[in-house]
Every structure is written in C-alpha cells, then in structure tokens.
Amino acid sequence: MLVNMRELLKDAQKGGYAVGSFSVANMEMVLGVLKAAKELSAPVILQIAEVRLKQSPLELIGPLMVAAAKCAETPVAVHFDHGKTEKMIKTALEAGFTSVMFDGSHLPLEENIEQTKAIASLAAKYGAAVEAEIGCVGGSEDGSEDIAINCTKPDDAVYFAGETGVDALAIAIGNAHGNYKSEPKLRFDILEECAKRVAAPLVLHGGTGISPDDFRRCAKTGIKKINIATATFDAVEKSVRDCYNEEKISGYYDLQGAEVEGAYQNARRHILIFGTENKA
C-alpha cells in the first residue's frame with residue numbers, strides 16, 4: 001500500500017529500527033525490492049534521485065513506482081531523492097510521490113533553510129513529507145564528482161530542523177555516496193549529539209559499503225532512513241553477469257528474472273540488517 005514516508009519513520013523511531021530506501025531504475029528493480037518486502041513483511045521506501053532521470057525519465061518511472069506501491073502488500077513510500085530543482089520536485093509530487101528531498105547541502109546555511117522552507121510549503125499542498133540535508137555527504141549520487149565530506153555540525157542541525165520543520169534530516173557523519181575506497185569511519189559522536197537534540201528522524205545517505213554492525217548502531221542511534229543506491233545497481237549488474245557466465249540466460253525473460261533476483265537479494269539482505277522485518 002502507498003503510504004507517506006512520515007508514517008514509516010515515526011514507526012521506526014518508536015520501534016528502534018531503520019527503514020531501507022532503495023534506489024530503482026526500472027520495473028525489475030521495483031519488483032525485486034517489493035518481493036523482499038512482501039517475503040519479510042517489511043515497510044520499504046522506493047526512491048529515485050534527480051541525477052538519475054537522464055536514464056530513467058521521471059514521467060515514466062514515477063507513475064510506475066507509485067502504481068507498484070499501491071499494489072504492494074506492505075507499506076511503501078515513494079520518495080524523490082536529492083531533488084535539485086523545484087520543477088522536478090513538483091513533477092514528482094504531481095506523479096503521486098509521498099516524499100521529496102530538497103538537497104541544499106551545497107548552499108550557505110541560511111539559503112538552504114529558505115529554499116527548504118519553500119519546498120516544504122509546496123509539498124504541504126500535496127500532503128507529502130520533506131527531507132533535507134545539512135553538512136555534505138561525500139561523493140555525488142551518480143559518481144561523477146569527488147565531493148569532500150563535510151560533517152554536520154550538531155548546532156547547525158538543531159537550528160536547521162527548528163527553522164524548517166522538515167520530516168527527515170540527512171546528516172553527514174563520514175558517509176559518502178558510491179563505493180568506498182577504504183572502510184568508512186563514521187562519526188558516531190556527531191550522530192549521537194544530533195539524535196539527542198533533533199526531534200526529526202535522521203537519514204543516512206551513502207549506505208553502500210557500511211558494515212552491518214555500523215548499520216545496526218546507526219539504526220539504534222537516531223538514523224531511521226538508510227539510502228541504498230549503489231549496492232542495488234551493483235547487485236543487479238552482478239546477478240545478470242553471473243547468470244550469463246553460468247549460461248543460465250537463454251532469452252530476454254531470463255535476463256529480466258536475473259535483474260529482479262539481484263534487486264531482491266540486495267533488498268532482503270539490508271532489510272534484515274536494518275531490523276525492518278515483520279514491521280509492516
């Protein structure tokens with residue numbers, strides 16, 4: 001069933017777990033994620049980032065994601081991730097997305113606040129939840145830029161959340177988009193301080209490559225939404241490659257099945273790590 005992300009994250013705050021937000025690029029990835037959610041009776045979030053729309057146009061994949069969520073047997077929120085432009089954020093809202101993110105992390109604090117408030121006002125007309133980001137998560141969503149990590153200052157997080165009233169706040173604690181070049185060392189001191197002082201559910205971007213133990217610690221320390229993008233794409237590509245190498249693909253529908261399986265296995269693994277099974 002299609003639900004508002006706000007509901008999922010409030011339940012996660014009460015239950016001491018995190019909800020997986022899985023990036024998708026086609027129908028097969030959507031089917032794989034929802035298969036895992038159904039099997040484990042887990043709430044999930046389907047998401048796509050603005051930078052990915054060149055490959056997966058929002059006008060096509062957006063309605064597909066929303067329709068899939070409506071047909072799902074577990075609670076599913078549909079989220080527009082790393083929105084950069086009001087035009088595309090509005091397009092997502094018009095398509096029925098129940099959550100949007102405005103990424104103003106590259107802006108000065110006050111400008112980030114003002115633009116986030118404008119997007120929040122827009123989203124309110126659709127009843128959608130709003131996520132924002134403060135600090136700078138390393139790398140870029142599509143891997144095209146080597147952006148340095150700029151950890152969130154807890155005082156800024158408190159001020160930002162109070163001024164904007166966002167439903168979820170992404171913070172930077174040493175995490176980065178894409179595959180990590182070395183084992184990430186997360187700043188749990190920053191996370192703990194933010195969790196104590198910010199009422200809004202916190203979000204972890206750059207989840208690919210973080211250890212299961214660190215994921216569990218994050219979920220117990222205020223992180224209620226964890227984004228999984230690169231791991232999804234990598235798992236789907238590996239599943240297809242392995243099936244070809246093992247000569248298991250003799251036609252298109254075998255290829256399609258391999259894509260679904262890759263997305264399913266990846267989502268299943270993360271749902272179990274995040275503690276979301278049987279929370280639907």
Do Ile61 and Val30 pass the side-chain contact (heavy atoms from CB on, under 4.5 Å) test, and can you show the C-alpha distance, the side-chain angles, and the key distance before you say yes or no?
-> CA-CA 10 Å; Ile61 197 163; Val30 171; 5.5 Å; no

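- Note that CD1 of Ile223 and CG of Leu9 are 11.0 Å apart. Values are rounded to the nearest 0.5 Å.
- The closest donor-acceptor contact from the side chain of Asp254 to the backbone of Ser250 lies under 3.5 Å.
- Ion pairing between a basic and an acidic side chain is recognised when a charged N comes within 4.0 Å of a carboxylate O; Lys90 and Glu86 show no such pairing.
- For the pair Val78 and Ala69, the tightest heavy-atom approach, listed with the atom from each and the gap, is CG2-CB, 3.7 Å.
- Taking CG of Asn4 as the start and OH of Tyr126 as the end, the distance is 15.0 Å to the nearest 0.5 Å.
- Criterion: ILVMFWY side-chain heavy atoms under 4.5 Å apart, direct or through other members. Under it, Phe80 and Leu60 are not part of a common hydrophobic cluster.
- Residues Ser105 and Asp103 bring a donor and an acceptor atom of their side chains to less than 3.5 Å of each other.
- Lys84 and Phe102 make their closest contact through O-CE1, 4.1 Å (heavy atoms, listed as atom of the first residue, atom of the second, distance).
- At distances below 3.5 Å, at least one donor-acceptor pair connects side-chain atoms of Thr232 with backbone N or O atoms of Ile228.
- Residues passing the side-chain hydrogen bond (donor to acceptor under 3.5 Å, both in side chains) test with Glu73, sequence neighbours excluded: Lys38.
- Rounding to the nearest 0.5 Å gives a distance of 10.0 Å between CG of Asp214 and NZ of Lys185.
- A side-chain donor-acceptor contact under 3.5 Å links Lys224 to the backbone of Tyr17.
- For the pair Ile48/Leu53, a side-chain contact is recorded, criterion being any heavy-atom separation below 4.5 Å from C-beta on.
- Looking only at distances, no side-chain donor or acceptor of Thr98 sits under 3.5 Å from a matching main-chain atom of Ala77.
- Distance alone, capped at 3.5 Å, is enough to place a donor-acceptor pair between the Arg6 side chain and the Ala128 backbone.
- Val203 and Val51 fall into different hydrophobic clusters, where Ile, Leu, Val, Met, Phe, Trp and Tyr are joined by side-chain heavy atoms under 4.5 Å apart, directly or via other members.
- Contact record, Ser23 with Ala229: OG-CB, 3.3 Å, taken as the closest heavy-atom pair.
- Qualifying side-chain contact (heavy atoms from CB on, under 4.5 Å) partners for Glu246, counting only residues two or more places apart in sequence or in other chains: Asp242, Lys248.
- Between the side chains of Glu261 and Ser239, not a single donor N or O lies within less than 3.5 Å of an accepting N or O.
- With sequence neighbours left out, the side-chain hydrogen bond (donor to acceptor under 3.5 Å, both in side chains) criterion links Gln256 to Glu28.
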Between Asn227 and Asp81, does a side-chain contact (heavy atoms from CB on, under 4.5 Å) hold up when you go through it step by step?
-> CA-CA 9 Å; Asn227 287 15; Asp81 198 40; 3.4 Å; yes

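- Between the NE2 atom of His270 and the CG atom of Leu40 there is a distance of 13.5 Å, given to the nearest 0.5 Å.
- Once rounded to the nearest 0.5 Å, the distance linking SG of Cys151 with CZ of Arg187 reads 5.5 Å.
- For Asn112 (side chain) and Gly104 (main-chain N/O), a donor-acceptor pair under 3.5 Å exists by modelled atom type.
- Counting heavy atoms from C-beta on, the side chains of Leu191 and Cys218 come closer than 4.5 Å.
- For Pro108, the side-chain contact (heavy atoms from CB on, under 4.5 Å) criterion is met by Glu111, not counting sequence neighbours.
- The heavy-atom pair separating Val166 from Ala200 by the smallest distance is O-CB, 3.7 Å.
- The closest donor-acceptor contact from the side chain of Ser41 to the backbone of Ala37 lies at 3.5 Å or more, if one exists at all.
- Cluster membership for Leu272 and Val19, using ILVMFWY side-chain heavy atoms within less than 4.5 angstrom, is not shared.
- Linking ILVMFWY side-chain heavy atoms closer than 4.5 Å, directly or via other members, places Val260 and Tyr253 in two distinct hydrophobic clusters.
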Verdict with supporting geometry, Asp167 and Met5, side-chain contact (heavy atoms from CB on, under 4.5 Å) | CA-CA 9 Å; Asp167 300 289; Met5 187 179 78; 5.6 Å; no

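- Looking at Leu46 and His79, their side chains never come closer than 4.5 Å, going by heavy atoms from C-beta outward.
- Ring orientation note: the planes of Phe22 and Phe274 are close to parallel, at an angle under 30° on the 30°/60° scale.
- Between the Thr152 side chain and the Ile171 main chain, no donor and acceptor come within less than 3.5 Å of each other.
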Going through the distances and angles, do Glu131 and His205 end up as a side-chain hydrogen bond (donor to acceptor under 3.5 Å, both in side chains)?
-> CA-CA 12 Å; Glu131 176 184 334; His205 287 227; 2.7 Å; yes

Go through the steps for Arg241 and Glu237 under the test salt bridge (charged side-chain N to carboxylate O under 4.0 Å, His left out), then give the verdict.
-> CA-CA 6 Å; Arg241 182 161 22 89; Glu237 192 271 337; 2.7 Å; yes

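- Shown here are the side-chain contact (heavy atoms from CB on, under 4.5 Å) partners of Ala263, two or more places apart in sequence or in another chain: Met29, Val236.
- Looking at Glu133, its side chain never comes within 3.5 Å of a backbone N or O of Leu169 through a donor-acceptor pair.
- For Glu110, the side-chain hydrogen bond (donor to acceptor under 3.5 Å, both in side chains) criterion is met by Tyr159, not counting sequence neighbours.
- Annotation: side chain of Phe160 is in contact with side chain of Thr116 (closest heavy-atom distance under 4.5 Å).
- Side-chain contact between Val76 and Ile45 is absent, with no heavy atoms from C-beta onward closer than 4.5 Å.
- Residues Leu34 and Tyr264 fail the side-chain proximity criterion, which asks for heavy atoms closer than 4.5 Å.
- To the nearest 0.5 Å, atom CG of residue Asn26 and atom CG of residue Leu64 are 8.5 Å apart.
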For side-chain contact (heavy atoms from CB on, under 4.5 Å), just list the numbers for Glu192 and Arg217, CA-CA rounded to whole Å, side-chain angles, deciding distance to a tenth of an Å, and then say yes or no.
-> CA-CA 10 Å; Glu192 289 167 7; Arg217 185 175 175 186; 3.5 Å; yes

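- In this structure the side chain of Asp155 reaches within 4.5 angstrom of the side chain of Arg197, judged on heavy atoms.
- Contact annotation: the side chain of Val3 approaches that of Leu8 to within less than 4.5 Å [non-hydrogen atoms, C-beta and beyond].
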